[in-house]
Protein chains: 2
Amino acid sequence: MIVSTAKGESERLNHEDDNDLNELLILFYFGYRTFTEKPNQMIEKYGIQRVHHRILFFIARIPGITVNELLTVLEVTKQALNQPLRQLTEKGFILHKTAEYDKRYKQLYLTDRGLNLEKELSKVQQEQMKTIFTKLGGNHREAWVDVMKELSSVRPGQKFFKDLFLTKTTKTNPNNK
Amino acid sequence: MIVSTAKGESERLNHEDDNDLNELLILFYFGYRTFTEKPNQMIEKYGIQRVHHRILFFIARIPGITVNELLTVLEVTKQALNQPLRQLTEKGFILHKTAEYDKRYKQLYLTDRGLNLEKELSKVQQEQMKTIFTKLGGNHREAWVDVMKELSSVRPGQKFFKDLFLTKTTKTNPNNK
DNA sequence: CCTATAAGTCAATCATATTGACCTAATTTT
DNA sequence: AAAATTAGGTCAATATGATTGACTTATAGG
């Protein structure tokens, strides 16, 4: 059973009797909801949603990413990306420049407004997790991250992001052309 | 950066230089996708989706749960639950009995077919996570579960589930009436 | 010139979910 | 016994996020 404790001492629950593995779906379903709840509330007033936050997140980490690269990272179709991208542009959170090395490519960047919002959203999520890691102490952060990385690392979008990040943040020309 | 490793030895990444907290959204977004991918593929052939799996999951853990209780656990409206519930009944995965203690209540149960499917789905998810926990070793499972429980425990649906589980699995009469 | 690629768009459809209104049946309250 | 409440169901409209498929424009390159 998942039982929350008020006392710090009994923080570590009985992991033997208690079959952790029987309630994995609960941990992911509710965990994900908690993780996205605050950012969702914050962006609501701008008329944007989860998908827009994800887009801001990735453009923030790979400035100059192209449309095709972004949809490969997100593992969605261009039709799914097109509208939210246009909305973010209209609302002044992102801008795009035609690539000099190839005018077919559109490179995406955050505006100051976009940078500020993305920072706020990331900050809230980071502090929420930091609070938990601090409370639990020990190697909880490292262990949790290790497990989540194992899950993430098998995704094509994550792998593509990794490669992009390594090249785009170390070279001037985004496509090595 | 999130970088997967092939070598077991270098499994534990550098958590100091590497700012884990800067890529939390990636861990959740891709992690959740990996966790749900296999069950999604398995249930596709029955014409059911994620929401149906969640329903099967909770009925399996609280047999005899009523419709209102279930939608409180899932944190959705009755309109959102109604159709998938009907589909699961039509496809022979669940059945409902009118409660003897109050004929307004409909108690939900899995059929043998539903029980089998739910077991298969849970098994796949459990084995996927077990593989990771075994690979990483140490206290990775306990630590990961602790963190996810912290996130989950704040949700009203999780709290309600916890209470339901404690009463429904220890008493004959589901509503203590 | 031909072909491929990047980006955009239109249309139809699906899955998931919401708010709001309204209904029936059963139970509880007054 | 009548009135109010509760559990469950349903209809309609709408929103969000996504898909497949078809088609267009602009650019690049052999």
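Throughout, a chain's letter reflects where its sequence line sits, starting with A, and its residues are numbered from 1.
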Exercise for the section: Rounded to the nearest angstrom, tell me the gap between atom CG in B:L108 and atom C1' in D:dG8. Expected result: 11 Å
Handout entry: B:K103, nearest nucleotide to its side chain (from D:dG8, C:dA26, D:dA18)
Key = C:dA26
Exercise for the section: Quick one: list whatever passes ring pair (Phe, Tyr, Trp, His ring centres under 6.0 Å) with B:F160, sequence neighbours left out. Expected result: none
Problem - Aromatic centroids of B:F28 and A:W144 separated by under 6.0 Å - result: yes
Exercise for the section: Give the C-alpha distance, both sets of side-chain angles, the deciding distance and a yes or no for ring-ring contact (aromatic ring centres under 6.0 Å, His included) between A:F57 and B:Y29. Expected result: CA-CA 12 Å; A:F57 177 93; B:Y29 182 62; 9.4 Å; no
Completion exercise
What residues 37-50 of chain A contributes to the DNA chain C interface at heavy-atom separation below 4.0 Å is none
Practice task
Pull out every residue in residues 76-87 of chain A that has a heavy atom closer than 4.0 Å to any atom of DNA chain D, ordered by number, or say none.
Solution key: A:V76, A:T77, A:Q79, A:A80
Problem - Given A:L95, A:L115, A:L88, A:L117, the one that forms side-chain contact (heavy atoms from CB on, under 4.5 Å) with A:L110 - result: A:L115
Exercise for the section: Take A:A99 and B:R33, find for each the nucleotide of DNA chain D with the closest heavy atom, and name the residue whose nucleotide sits nearer the 5' end. Expected result: B:R33
Completion exercise
note: B:L74, atom CG; D:dG8, atom C1'; distance rounded to Å ~ 16 Å
Problem - Donor-acceptor pair, side chain of B:T34 and main chain of A:L151, under 3.5 angstrom - result: yes
Exercise for the section: Compare side-chain N and O positions of B:R54 against OP1 and OP2 of C:dA15 and report whether any pair is under 4.0 Å apart. Expected result: no
Exercise for the section: Rounded to the nearest angstrom, tell me the gap between atom CD in B:E75 and atom C1' in C:dT18. Expected result: 15 Å
Exercise for the section: Would you mind checking if B:R155 and A:E37 are paired as a salt bridge, meaning a charged N to carboxylate O distance below 4.0 Å? Expected result: yes
Handout entry: Side-chain donor or acceptor of A:Q107 paired with backbone N/O of A:T98 under 3.5 Å
Key = no
Handout entry: Distance, rounded to the nearest Å, where B:Y101 contributes OH and C:dA25 contributes C1'
Key = 16 Å
Exercise for the section: Could you tell me the separation between the CZ atom of A:R104 and the C1' atom of C:dA6, rounded to a whole number of Å? Expected result: 6 Å
Handout entry: A:Y105, nearest nucleotide to its side chain (from D:dG17, C:dT5, C:dA26)
Key = C:dT5
Exercise for the section: Rounded off to whole Å, could you give me the CD-to-P distance for the B:E100 and C:dA26 pair? Expected result: 15 Å
Completion exercise
To the nearest angstrom, the CG-P distance between B:D102 and C:dT29 comes to 12 Å
Practice task
Could you state the atom-to-atom distance from CD1 of B:I55 to P of C:dA15 in whole Å?
Solution key: 14 Å
